[in-house]
2 protein chains.
Amino acid sequence: MVEAPRNTRQRRAVVAILEDLDGFASAQEIHDILKKRGESVGLSTVYRSLQVLAEAAEVDALRNDDGEVLYRQCSAGHHHHLVCRSCGRTVEVEGPTVERWADKIAAENGFRDVAHTLEIFGTCASCPS
Amino acid sequence: MVEAPRNTRQRRAVVAILEDLDGFASAQEIHDILKKRGESVGLSTVYRSLQVLAEAAEVDALRNDDGEVLYRQCSAGHHHHLVCRSCGRTVEVEGPTVERWADKIAAENGFRDVAHTLEIFGTCASCPS
DNA sequence: CATGACGCTGAGAATCATTGTCAAATCCGC
DNA sequence: GCGGATTTGACAATGATTCTCAGCGTCATG
Ligand SMILES: [Zn+2]
Ligand SMILES: [Zn+2]
Ligand SMILES: [Zn+2]
Ligand SMILES: [Zn+2]
């Protein structure tokens with residue numbers, strides 16, 4: 001059976017940051033925030049914690065245009081995101097028809113083990129041009 | 001005005017590979033293929049050529065799960081892809097309703113300069129499990 | 001509460017795709 | 001053919017992420 005992850009100060013600190021943040025943030029940004037708060041956590045540990053959380057589906061991960069991975073604590077269940085390129089502010093969105101469409105396309109072409117990525121990027125109303 | 005790009009052996013070679021390939025491939029894969037064909041082109045040059053082609057919208061680019069950028073010569077116009085994770089084989093797909101849905105979602109939330117990414121990944125019929 | 005086993009941490013090194021550097025080679029209009 | 005701007009390529013540099021591994025912390029157990 002799978003070992004339960006241990007309850008460490010560092011992991012709690014990372015989770016706390018994610019709970020405070022509204023939008024997506026990179027591992028390095030989270031590391032910086034922790035440092036500012038004085039709850040310093042090693043960068044490697046931040047990366048590892050986020051990986052674990054992502055595998056456990058407790059956080060969502062996506063890549064921005066620069067290829068950096070961003071993380072966010074999201075609500076459960078499959079959904080997509082409308083993300084501000086500038087500040088990371090995020091709106092969770094659902095598109096039931098898209099889900100069906102994607103599965104249908106894949107099936108029609110004989111693909112299996114299908115998954116899809118769908119993100120909408122833009123500049124939010126409170127960010128300058 | 002913009003200078004026209006020069007017609008060099010290297011650029012022609014990269015374009016030729018893209019024309020032969022059916023699916024998406026990374027810069028390094030294309031570099032390897034060129035080496036095998038004896039038409040050696042420097043790796044930096046392959047990267048630069050692909051960048052130029054991508055900016056000119058002559059090729060599409062996307063990232064796989066590992067964060068590598070893959071390129072493919074696609075048909076003109078906005079479309080998305082159904083990509084085999086294993087061999088890169090690709091089917092271009094269109095989803096008019098998705099386009100409208102994405103724009104609507106963004107507008108409703110006051111986002112501007114909107115773009116979206118949508119890719120479907122799976123294993124194609126001719127690839128082993 | 002003490003103990004031990006084993007997961008967790010973190011500083012630094014290593015990885016690896018991608019980009020930058022710059023002298024030499026190549027285009028191309030004239 | 002010339003000459004100047006562009007392009008090339010070997011190599012170094014970057015930068016996000018992962019790996020290493022000795023020391024620490026957690027936690028089930030008695
Ligand atoms: Zn914003
Ligand atoms: Zn979906
Ligand atoms: Zn395949
Ligand atoms: Zn689209």
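Within every chain, numbering begins at 1; the chains are lettered A, B, ... in the order of the sequence lines, protein sequences first and strands thereafter.
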NA contact type, A:Thr8, heavy-atom cut-off 4.0 Å: base, sugar-phosphate, or nothing? sugar-phosphate
Could you state the atom-to-atom distance from CD of A:Glu39 to P of C:dG10 in whole Å? 12 Å
Quick one: label A:Asp66 by what it contacts on the DNA or RNA (base, sugar-phosphate, nothing), any heavy atom closer than 4.0 Å. nothing
Expressed as a whole number of angstroms, how long is the span from A:Arg11:CZ to D:dC27:P? 10 Å
Using distance alone, with no hydrogens and no angle criterion, decide if A:Arg12 and A:Asn7 have a side-chain donor and acceptor under 3.5 Å apart. yes
Minimum-distance nucleotide (side-chain atoms of B:Thr45 versus C:dA5, D:dG9, C:dG10): D:dG9
Output the single nucleotide from C:dG10, C:dT19, D:dT18 whose closest atom is nearest the side chain of B:Tyr47. C:dT19
Please determine whether any donor N or O and acceptor N or O are separated by less than 3.5 Å between the side chain of A:Arg48 and the base of C:dG10. yes
Distance in angstrom units between A:His31 NE2 and D:dG15 P, rounded: 17 Å
Spacing between A:Tyr71 atom OH and D:dA16 atom C1', to the nearest angstrom: 10 Å
Does B:Gln10 or B:Leu43 map to a spot on DNA chain C nearer the 5' end, using the closest nucleotide for each? B:Leu43
With a 4.0 Å cut-off on heavy atoms, is A:Arg9 in touch with a base, just the backbone sugar-phosphate, or nothing at all? sugar-phosphate
Name the closest nucleotide to the A:Ser44 side chain, picking from D:dG25, D:dT7, C:dG10. C:dG10
Pairwise 5' ranking along DNA chain C for A:Val41 and B:Gln51, keeping only the more 5' one: A:Val41
What do you reckon, is CD of A:Glu94 surrounded by more than 12 foreign heavy atoms closer than 6.0 Å? no
Rounding to a whole Å, what distance do you find between B:Leu50:CG and C:dT18:P? 10 Å
Residue A:Asn7, side-chain atoms from C-beta onward, closest of C:dA17, D:dC27, C:dT9: D:dC27
Which value, rounded to the nearest 0.5 Å, describes the distance between B:His80 atom NE2 and B:Asp60 atom CG? 10.0 Å
Supply the atom-to-atom distance B:Gln73 CD to B:Asp20 CG, rounded to the nearest 0.5 angstrom. 9.5 Å
What is the distance from CD of B:Glu68 to P of D:dT18, rounded to the nearest Å? 13 Å
Would you please test A:Ser126 and A:Arg89 for side chain to side chain donor-acceptor pair (under 3.5 Å) and show each step? CA-CA 10 Å; A:Ser126 41; A:Arg89 188 188 315 273; 2.9 Å; yes
Once hydrogens and angles are ignored, does a donor-acceptor distance under 3.5 Å link the base of D:dT6 to the side chain of B:Arg6? yes
Measure CG/B:Leu34 against C1'/D:dT8 and give the value in whole Å, please. 14 Å
Interatomic distance, A:Gln28 CD vs C:dG10 C1' [rounded to whole Å]: 15 Å
